[in-house]
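Single-structure report; data block below.
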2 protein chains.
Amino acid sequence: MNMKTLAEMLGLSQTTVSRALNGHSDVAEATRRRVEEAAVKLGYRPNASAQRLATGRAGAIGLILPANSDRLMNPHFLEFIAGLGTHLIRKEFDIVLIPVELQDEMRAYERIISSRQVDALVLSMPTLADERIPLLTRRGMPFILHGRTRSNVPHAWLDVDNEGAFRRATRHLLQLGHERIALANGPAGYTYTHHREKGYRDALAEYGIAPDPALISNSDLTDMTGYAIADGWLSLKAPPTAILTSAVTMAMGISRAIRSRGLTLGRDVSMVAHDDVFPYLNPQTMIPSLTTTQSSLRAAGSRIGELLLEMLEGRDPGSIGELWPVPLILGDSTGPAPQ
Amino acid sequence: MNMKTLAEMLGLSQTTVSRALNGHSDVAEATRRRVEEAAVKLGYRPNASAQRLATGRAGAIGLILPANSDRLMNPHFLEFIAGLGTHLIRKEFDIVLIPVELQDEMRAYERIISSRQVDALVLSMPTLADERIPLLTRRGMPFILHGRTRSNVPHAWLDVDNEGAFRRATRHLLQLGHERIALANGPAGYTYTHHREKGYRDALAEYGIAPDPALISNSDLTDMTGYAIADGWLSLKAPPTAILTSAVTMAMGISRAIRSRGLTLGRDVSMVAHDDVFPYLNPQTMIPSLTTTQSSLRAAGSRIGELLLEMLEGRDPGSIGELWPVPLILGDSTGPAPQ
DNA sequence: TTCCACATCCGAAGCGCTTCGGATACCTGC
DNA sequence: GCAGGTATCCGAAGCGCTTCGGATGTGGAA
């Protein structure tokens with residue numbers, strides 16, 4: 001069943017049927033109703049590809065995946081996608097997952113732009129000097145950045161206040177009397193990693209404490225690396241009395257390392273973790289409950305979906321920029337520094 | 001840059017360019033190379049919508065999401081999608097996520113079929129008498145079922161041996177001397193839930209034990225419900241000495257309930273959990289390590305992606321049917337029944 | 001030399017939709 | 001009774017690609 005035969009059955013032109021279905025004003029109300037009813041009854045649905053070809057709109061937004069296939073689908077990414085879906089999917093927008101090899105990243109972007117496969121892109125994990133922003137801007141491909149970068153080109157972005165969050169978390173530990181505070185951060189190079197380290201350093205500086213490079217690590221945010229790193233720190237002559245970490249998954253490994261040395265989390269060692277709010281990992285119900293800096297990846301994804309739709313309806317990307325505050329939620333994993 | 005101008009620049013017809021790019025045999029090797037080089041140099045990429053319209057192939061496979069928006073994207077689903085992605089994405093197949101309201105589910109399927117938005121569907125969470133199978137078969141929409149159903153229509157499917165897994169797990173507990181064994185299963189109505197309960201009942205029957213309805217629960221597979229259910233069981237006059245559960249997330253809640261009553265997992269209460277293998281939740285590293293029946297959702301998704309591609313290349317769906325064995329992996333969460 | 005198979009290329013029709021630029025009929029007000 | 005406005009409808013030309021059914025030229029067999 002295509003539009004042509006539908007039109008024939010109704011004794012109308014294809015033009016009229018098309019305009020009726022798309023809600024144009026130059027078709028009589030009675031006709032529109034007749035067309036709509038027939039469409040429902042006969043199970044007519046426009047062919048998506050034809051519609052896209054004719055309108056030039058792809059009806060899809062793209063999400064670039066760093067295609068290092070192992071980490072291709074890590075829980076953080078998936079959680080973000082889940083959020084993105086909530087709005088887009090209702091507007092019949094597809095989400096196209098586009099894997100990109102890191103070596104020829106820029107070429108991949110060129111390809112995506114010229115295939116017109118998507119109407120807009122979501123960029124994740126920006127670096128401080130991200131070269132994708134000028135490229136996409138120059139080529140006129142709409143996009144929204146999840147995170148921030150140093151760039152003078154106006155563009156749409158949404159980020160959480162990582163710097164403020166880690167500053168506050170570090171201060172909290174300092175106020176409890178901790179002086180050797182370690183930071184288990186994400187991979188180096190990304191803006192969020194940089195911001196978190198900056199917040200941490202700033203707070204230390206306020207208290208006149210020089211950061212110890214041995215207590216700062218950059219790695220993947222997994223349980224396993226969390227264990228390994230914490231185990232290393234706890235075997236130092238002067239082990240840290242508190243640990244700051246960038247992910248709850250990592251916190252699980254860290255707390256295992258603490259326990260396996262016969263130490264108690266929240267008494268012998270304190271910990272604050274950044275919580276991206278996974279529905280299946282609730283740090284509040286862990287034992288002991290975790291002190292966290294909390295920001296929902298899913299909520300960010302959802303909002304980005306909304307903003308994307310606004311952009312495609314004409315909103316100026318330069319007017320879009322949101323910095324979300326990150327609350328510090330106290331749990332039992334932080335306590336006074338041991339004497 | 002479209003194919004027409006590319007052809008003009010090369011002094012060739014559009015036909016030849018198309019056939020060169022698509023690897024047809026009736027174009028000279030030298031010409032093909034010339035075309036390919038020009039395409040790369042000029043950054044030409046075929047327009048996806050046009051290609052789809054012309055070929056009638058959507059280049060996408062659909063995944064129906066039960067659109068109860070809260071659980072729309074639960075970790076099990078996401079993990080499955082991650083697997084599905086690994087193969088499809090390399091073949092330039094999009095994954096289109098299609099949310100469906102439960103009340104008018106069948107209508108939604110009709111819509112998807114007639115819009116020709118996808119080349120094939122993946123069906124999840126089948127019930128025993130799943131009406132989607134006859135519908136899709138009748139309408140000629142290719143699909144593959146993740147799970148099983150009672151149906152005499154030949155169709156493609158892939159499932160894990162839930163029944164065997166739970167039979168073996170229950171036997172293991174029985175051999176350790178447990179007699180009051182509880183089952184925290186998934187929502188009623190689904191085939192996998194049914195199979196798991198059947199395996200459990202069969203093993204009990206082998207040992208001449210009548211199942212106690214009070215010790216069988218059906219619910220969502222979350223941490224929170226796990227806690228609530230286990231807490232209820234442990235407050236019975238005759239509490240179970242062992243618990244079987246359908247998910248690691250649930251096991252986390254259950255083990256919290258056990259601990260919060262001052263009991264020890266693996267000594268006072270034993271537990272076996274079904275592990276869908278989330279990369280961020282490793283039951284082997286939990287304390288104590290969990291005894292699990294293990295099957296990777298991601299691996300299943302990945303294989304289904306492969307099979308889907310084979311089907312679209314002509315393989316008979318009736319010839320596709322895989323039942324995966326599920327190993328029982330011993331950990332420290334199961335021990336002899338207390339006297 | 002003639003015929004035919006083979007390799008290589010091309011014209012034009014179509015995939016199913018949208019939309020520009022009218023066409024038609026009817027209704028105002030003068 | 002007529003010009004101009006308004007409400008409805010339609011023909012036909014695309015959108016960018018694939019593919020059917022030839023057309024052309026070459027070399028070897030007869």
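Just so it is clear: chains get the letters A, B, ... in the order the sequence lines come, proteins before strands, and each one is counted from 1. Computed over heavy atoms, backbone and side chain alike; hydrogens, waters and symmetry mates excluded.
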Subject >> Ring center gap for A:His87 and A:Phe93 short of 6.0 angstrom >> reply: no

Using whole Å, report how far [atom1] of [X] lies from [atom2] of [N].
X: B:Lys4; N: C:dG14; atom1: NZ; atom2: C1'; result: 16 Å
X: A:Gln117; N: D:dC17; atom1: CD; atom2: C1'; result: 15 Å
X: B:Leu10; N: C:dC9; atom1: CG; atom2: C1'; result: 14 Å
X: B:Met3; N: D:dC17; atom1: CE; atom2: P; result: 5 Å
X: A:Asn47; N: C:dT18; atom1: CG; atom2: P; result: 10 Å
X: B:Leu21; N: D:dT19; atom1: CG; atom2: P; result: 13 Å
X: A:Arg57; N: C:dT18; atom1: CZ; atom2: P; result: 9 Å
X: A:Leu53; N: C:dT19; atom1: CG; atom2: P; result: 12 Å

_Modelled atom types, side-chain donor and acceptor of A:Thr15 and A:Arg19, under 3.5 Å_ = no

Residue pair A:Ser13 / A:Thr16, side-chain donor-acceptor N/O under 3.5 Å: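 Yes, a side-chain donor-acceptor pair sits under 3.5 Å.
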
Side-chain atoms of B:Asn2 come closest, of C:dG16, D:dG16, C:dT19, to D:dG16

Would you list the protein and nucleotides 8-11 of chain D atom pairs, both N or O, that sit under 3.5 Å from each other?
residue	atom	partner	partner atom	Å
D:dC9	OP1	A:Thr31	OG1	3.0
D:dC9	OP2	A:Ala28	N	3.0
D:dC9	OP2	A:Thr31	OG1	3.1
D:dC9	N4	A:Asp26	OD2	3.3
D:dC10	OP2	A:Ser13	N	2.9
D:dC10	OP2	A:Ser13	OG	3.3
D:dC10	OP2	A:Thr16	OG1	2.8
D:dG11	N7	A:Thr15	OG1	3.3
D:dG11	O6	A:Thr15	OG1	2.9

Under 4.0 Å between a side-chain N/O of [X] and OP1 or OP2 of [N], yes or no?
X: A:Tyr44; N: C:dC17; answer: yes
X: A:Gln51; N: C:dT18; answer: yes
X: A:Asn22; N: C:dT18; answer: yes

task: Measure the spacing between CZ of B:Arg298 and CD1 of B:Ile81 and express it to the nearest 0.5 Å.
output: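 Answer for the CZ-CD1 pair, B:Arg298 versus B:Ile81, is 11.0 Å.
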
### Query
Would you call A:Glu29-A:Arg32 a salt bridge at under 4.0 Å N-O?
yes

key: Aromatic plane relationship, B:Phe278 with B:His76 - under 30° parallel, 30 to 60° tilted, over 60° perpendicular   =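 Geometry flag for B:Phe278 against B:His76: perpendicular rings.
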
Between B:Pro126 and the options B:Arg150, B:Arg148, B:Arg132, B:His146, the side-chain contact (heavy atoms from CB on, under 4.5 Å) test singles out B:Arg132

Query raised in the report: Taking only residues two or more places apart in sequence, or in another chain, which ones meet A:Arg34 in a salt bridge (Lys or Arg N to Asp or Glu O under 4.0 Å)?
Result: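 Residues passing salt bridge (Lys or Arg N to Asp or Glu O under 4.0 Å) with A:Arg34: none at all.
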
Just the atom pairs and distances: protein N or O near nucleotides 25-28 of chain C's N or O, under 3.5 Å.
none

Could you check whether B:Thr55 gets within reach of a base, just the sugar-phosphate, or nothing at all, counting any heavy atom under 4.0 Å?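 Sugar-phosphate: the residue B:Thr55, judged by heavy atoms under 4.0 Å, touches backbone atoms but no base.
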
Just wondering, are more than 12 heavy atoms of other shown residues or ligands nearer than 6.0 Å to CE in B:Met9? no

